[in-house]
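Below, read A as the first sequence line, B as the second, and so on, with proteins coming before strands; counting in each chain starts at 1.
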Protein chains: 2
Amino acid sequence: MARAVELRLLRYFVTVATERHVGRAAQRLHMTQPPLSRAIQQLETEFGAALFDRTPHGVELTRAGQVLMEDAVPLLDQADRLRLRVTRAADGAVLRLGSLADTADQAGHDLVAAFRRRQPGVEITVVETDLSDPTAGLRAGRVDLALTRTPFSDDGLAVATIRTDPVGVVVAAADPVATQESTTVAALAGRTWIRLPDGTDPVWAAYWTAADDRPHHPLARTIQECLRSAAWNGTLVIAPLSQALPGGLVCVPLADRPPSRVVLAWRASQPSPLVRSFARLVSGAS
Amino acid sequence: MARAVELRLLRYFVTVATERHVGRAAQRLHMTQPPLSRAIQQLETEFGAALFDRTPHGVELTRAGQVLMEDAVPLLDQADRLRLRVTRAADGAVLRLGSLADTADQAGHDLVAAFRRRQPGVEITVVETDLSDPTAGLRAGRVDLALTRTPFSDDGLAVATIRTDPVGVVVAAADPVATQESTTVAALAGRTWIRLPDGTDPVWAAYWTAADDRPHHPLARTIQECLRSAAWNGTLVIAPLSQALPGGLVCVPLADRPPSRVVLAWRASQPSPLVRSFARLVSGAS
DNA sequence: CGCGGGCCATACCCGTCCGGTATCAAGCCA
DNA sequence: TGGCTTGATACCGGACGGGTATGGCCCGCG
């Protein structure tokens, strides 16, 4: 006893829960009622809790059953998709697209949609990463393509520009800088900047934070953390002017930072046909 | 053959993949090597694809194996958490918190964190919903509490105000309205508003869209869709002034719309002790 | 008021499948 | 080449999943 939960039992459970009737559920599962009853009991002893209330005209979910139902359904959905994804991967028909947190925006969605139209048989996985990895898993081999921003150390990587984003510094609306038409990083010397995690691409970290590696600067992994820190602590961070900002924050253009480019990147060495095909969407379009 | 994939096999697979060695994996799984080899083969025939390349000193993942690994790990994580969640639900120690898309902000996180400190043994599930359901599953019984905004039809619901948000209309920066200090819904008569899905709470829909139920108005389910439509098509939507906006959009205060309140809502009839306890966090605080 | 029909649970049987031991085939290295 | 490693194969026993037959319960009907 106390064996691990298996998908078979969860499939049974979900069927019974939707049918609210063990007999009918058994019918739908192409089996007889008694083993199904037993399976449900197994699940109940497994969890140490009743999942159904037995009524004269069927069964109905207990509170624990409701919770299990909410968890089991998406779990089974994932498990079903799993088979399809793996078989497609085996045929080389899977493209893994890394996406830097904020870059999964309209441009990214459009690209994915365009590629799906062109090659409907190809499965596309989008993996989002935080600010600590500008190449979004591309170097580590976790993805085939990365939707990201410059600048980063790009040795061994090929890039195609999607668009160019001027950048600015994010400050609270009450900050003296906020009213200026534009400013410079130099003029902000001595202020507290956000800090990116150790090990982050140095080119990348230097661009966004004007880092002088003072360790007391607050650490952030996501844009949300950066903005929150800007709103509460008055810390500085550089962001694209197109970045969505909560009320109370403004983005003042920076004159001495070149714009950041939103790019598609991939490993330059022997790209797969799918990667080439996807990359052409960008190179051809812009 | 072609039996459904089971978690047992996936657990085996993940262990082998992390160990890169069938023998050691078998050891960690408290079993012998041959059945494990067979299990992996089963999985491979099941998917119709090789998952490992066999090398003289172990095994290494094929591309299909990598994809399966990425899917299997989170799947197993979920399955493990499942047991814990259900047992807690059985003890009445689960609180399901619905959250309207944008309301899962700082206030929400603070509330959840505060409640966790007070009652560490209680599992909290946060379910996000789109704009079509202002009560975030509260009426349907999918959640015990809802973090949402007024106004909505609140018969049978109890609410506690968290904060008050003035609202404005979101327009492109180039829109003539954008430069005004404030405006009114009346002054915007005849313009195209966003439309919320049919069946949405009428009080709610009327508040945010100044709807005159013209069916050609574009449909939106999320705030992102609203903002995108505002940026591209110049459609109007009402939003809290605190809403984060991408560059190129501004939110002009509205003089003839009362502010929206961010509230915690729950079913007024016989709330559970946990619900009362959570609600007190809000009532006591503000 | 008992009787029939619906529900789920129990009892028991059989075939399959899982995991064990023993062994084999193949690559590396001394 | 012989010993060591690796994973793969062959075969066996026990556990478990699903089958049939039946029991216990509640409802409604005659």
### Angle of first-five versus last-five pair axes in the helix from C:dC8-D:dG23 to C:dA30-D:dT1, to 10 degrees
30°
### Message
Quick test of your reading: applying salt bridge (charged side-chain N to carboxylate O under 4.0 Å, His left out), list the pairs with at least one residue in residues 115-125 of chain B, sequence neighbours left out, ordered by first then second residue.
### Response
B:Arg85-B:Glu123, B:Arg88-B:Glu123
From [atom1] of [X] over to [atom2] of [N], roughly how many Å is that when rounded to an integer?
X       : N      : atom1 : atom2 : value
A:Met31 : D:dT20 : CE    : P     : 11 Å
A:Asp53 : C:dC8  : CG    : C1'   : 13 Å
B:Leu9  : C:dG19 : CG    : C1'   : 13 Å
A:Arg11 : D:dG18 : CZ    : C1'   : 17 Å

Who pairs with [X] by side-chain hydrogen bond (donor to acceptor under 3.5 Å, both in side chains), at least two apart in sequence or on another chain?
X        : answer
A:Asp130 : A:Ser132
A:Arg28  : A:Glu19
A:Thr18  : none
A:Ser37  : A:Gln33

#### Entry: Nucleic acid footprint by protein, nucleotides 6-12 of chain D - heavy-atom cut-off 4.0 Å, B for base, S for sugar-phosphate alone
SSBB-B-
Does a nitrogen or oxygen in the side chain of [X] sit under 4.0 Å from OP1 or OP2 of [N]?
X       : N      : answer
B:Thr32 : C:dG19 : no
A:Gln42 : D:dG17 : yes
B:Arg8  : D:dC16 : no

#### Entry: Cationic N near anionic O, under 4.0 Å, B:Arg63 to B:Asp53
no
#### Entry: Pairing of A:Arg96 and B:Glu70 as salt bridge, 4.0 angstrom limit
yes
### Any residue meeting ring-ring contact (aromatic ring centres under 6.0 Å, His included) with A:Phe13, in chain and number order, not counting sequence neighbours
A:Phe52
### Query
In chain order, what residues pass the ring-ring contact (aromatic ring centres under 6.0 Å, His included) check against B:Phe278, with sequence neighbours excluded?
B:Phe115
### Task
Could you tell me whether A:Tyr12 contacts a base, only the sugar-phosphate backbone, or nothing, with contacts defined as non-hydrogen atoms closer than 4.0 Å?
sugar-phosphate
### Query
So what does B:Glu6 hit on the nucleic acid, given a heavy-atom distance under 4.0 Å: a base, only sugar-phosphate, or nothing?
nothing
